[in-house]
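As structure tokens, the structure follows; a few thoughts come after it.
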Amino acid sequence: MSEHHLRTAPARPHQKLTDDGRRMREVLSYSRRGSRFTPSQQEAWDAHAQAWVVPDEEVDRADVDVASWFGREAPLVVEIGCGVGEATGVLAAARPDVNVLALEVWRPGVAASLAEVAAAGADNVRFCSVDAAWCLEHLVPEGGLAELWTFFPDPWPKTRHHKRRLVSPGFAAVVASRLQVGGLWRLATDWADYADQMLEVLDAEPALSGGRVPRWQDRPVTKFERKGREAGREITDLAYAKH
């Protein structure tokens, strides 16, 4: 067996242990919610999960190849936190020439997203429920990412929870290394202080350039955006390119 196949895969979040065998406490950008499906979600899962959902254990293979999940080589677009797939299906259907990897840890959201993707006729989407930061670092090679979408990530509004926000200097550095030259990171949030943090973090990343942009018209208005608007919060769109 080759050295490549003997390589030990990096431990994923929730699988890392201390020297005495206890699970490590980790600061993550998400919390796992309930896993019970509605009847319609169960129907979508039964119809499409086998073809479109990547089993968690698949990412632990030493020879893992993301392109093989799609059955083709194509530019890779990653969406972090697809929610119930309102944007995923529409955006993927409009871009049949790319592979869209949607990362979502909430299983009922994945099930709902399967229905959205099927309704849109977008068979170029695969779903994975493994930690997004880990996936980008360990599954995507440097320069292997054409575009990243991060729409309405969990704002963790309490000050003591800000450390759990996804957009951080360390994560921005990983994204910058994975984006191809000219590759784009699109973000949106309805929390003003998170928008300010995103700008501060991304402006400080030397491999990226960009800032506030007009709302991306291709992005459908999701329930998260509607809730933000109804609460009187301003929607901020950002775009940063790798140079």
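All values derive from a computational prediction rather than experimental measurement.
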Problem - Arg165 to Tyr194 six-membered ring, cation-pi geometry met (6.0 Å, 45°) - result: yes

Determine whether [X] and [Y] make a side-chain contact, defined as any pair of heavy atoms from C-beta on separated by less than 4.5 Å.
X: His243; Y: Ser209; answer: yes
X: Phe127; Y: Val117; answer: yes
X: Arg95; Y: Val98; answer: yes
X: Ser129; Y: Leu103; answer: no
X: Asp154; Y: Leu166; answer: no
X: Met198; Y: Pro153; answer: yes

Should [X] and [Y] be regarded as members of a common hydrophobic cluster, given that ILVMFWY residues are connected when their side-chain heavy atoms come within less than 4.5 Å of each other, either directly or indirectly?
X: Val167; Y: Val213; answer: no
X: Leu184; Y: Leu76; answer: no
X: Leu101; Y: Val90; answer: no

If I compare all heavy atoms of [X] with all of [Y], which pair ends up nearest, and what's the gap?
X: Leu136; Y: Arg178; answer: O-NE, 3.3 Å
X: Ala102; Y: Val125; answer: CB-CG1, 4.3 Å
X: Asp190; Y: Gly228; answer: OD2-CA, 3.2 Å

Handout entry: Residues Asp193 and Gln197: side-chain donor-acceptor under 3.5 angstrom
Key = no

Handout entry: Thr88 side chain to Glu79 side chain, donor-acceptor N/O pair below 3.5 angstrom
Key = yes

My understanding is that only residues two or more places apart in sequence, or in another chain, count here; which of them pass salt bridge (Lys or Arg N to Asp or Glu O under 4.0 Å) with [X]?
X: Asp237; result: Arg219
X: Asp203; result: none
X: Glu147; result: Arg186
X: Glu58; result: Arg61

If we ignore hydrogens and angles and just use 3.5 Å, is the side chain of [X] paired with the main-chain N or O of [Y] as donor and acceptor?
X: His138; Y: Pro10; result: no
X: Asn124; Y: Ala92; result: yes
X: Glu104; Y: Gly83; result: yes

Exercise for the section: Quickly, which of Leu148, Val66, Val100, Thr150 forms a side chain to side chain contact (heavy atoms under 4.5 Å, CB included) with Val78? Name it, please. Expected result: Leu148

Practice task
Any pair with a residue in residues 50-81 that passes ring-ring contact (aromatic ring centres under 6.0 Å, His included), sequence neighbours left out, goes on the list, sorted by first then second residue, please.
Solution key: His48-Trp52

Handout entry: Trace of the side chain to side chain contact (heavy atoms under 4.5 Å, CB included) decision for Leu187 with Leu202
Key = CA-CA 11 Å; Leu187 309 95; Leu202 299 182; 3.7 Å; yes

Exercise for the section: Mind telling me whether Phe151 and Trp216 have parallel, tilted or perpendicular rings, with 30° and 60° as the class edges? Expected result: tilted

Handout entry: Salt bridge Asp97-Arg72, side-chain N to carboxylate O under 4.0 Å
Key = no

Practice task
For the pair Glu230 and Arg226, find out whether any cationic side-chain nitrogen is under 4.0 Å from an anionic carboxylate oxygen.
Solution key: no

Handout entry: Asp65: partners by side-chain contact (heavy atoms from CB on, under 4.5 Å), with sequence neighbours left out
Key = Ala67, Ser68

Practice task
Tell me whether the centres of the aromatic rings in Trp185 and Phe171 are closer together than 6.0 Å.
Solution key: yes

Practice task
Let me see the working for Lys163 and Trp156 under side chain to side chain contact (heavy atoms under 4.5 Å, CB included), right down to the final yes or no.
Solution key: CA-CA 9 Å; Lys163 63 184 178 182; Trp156 294 103; over 6 Å; no

Practice task
Take Thr236 and Trp191, measure what side chain to side chain contact (heavy atoms under 4.5 Å, CB included) needs, and give me the verdict at the end.
Solution key: CA-CA 8 Å; Thr236 299; Trp191 287 83; over 6 Å; no

Problem - Glu200, CD atom: more than 12 neighbouring heavy atoms under 6.0 Å - result: no

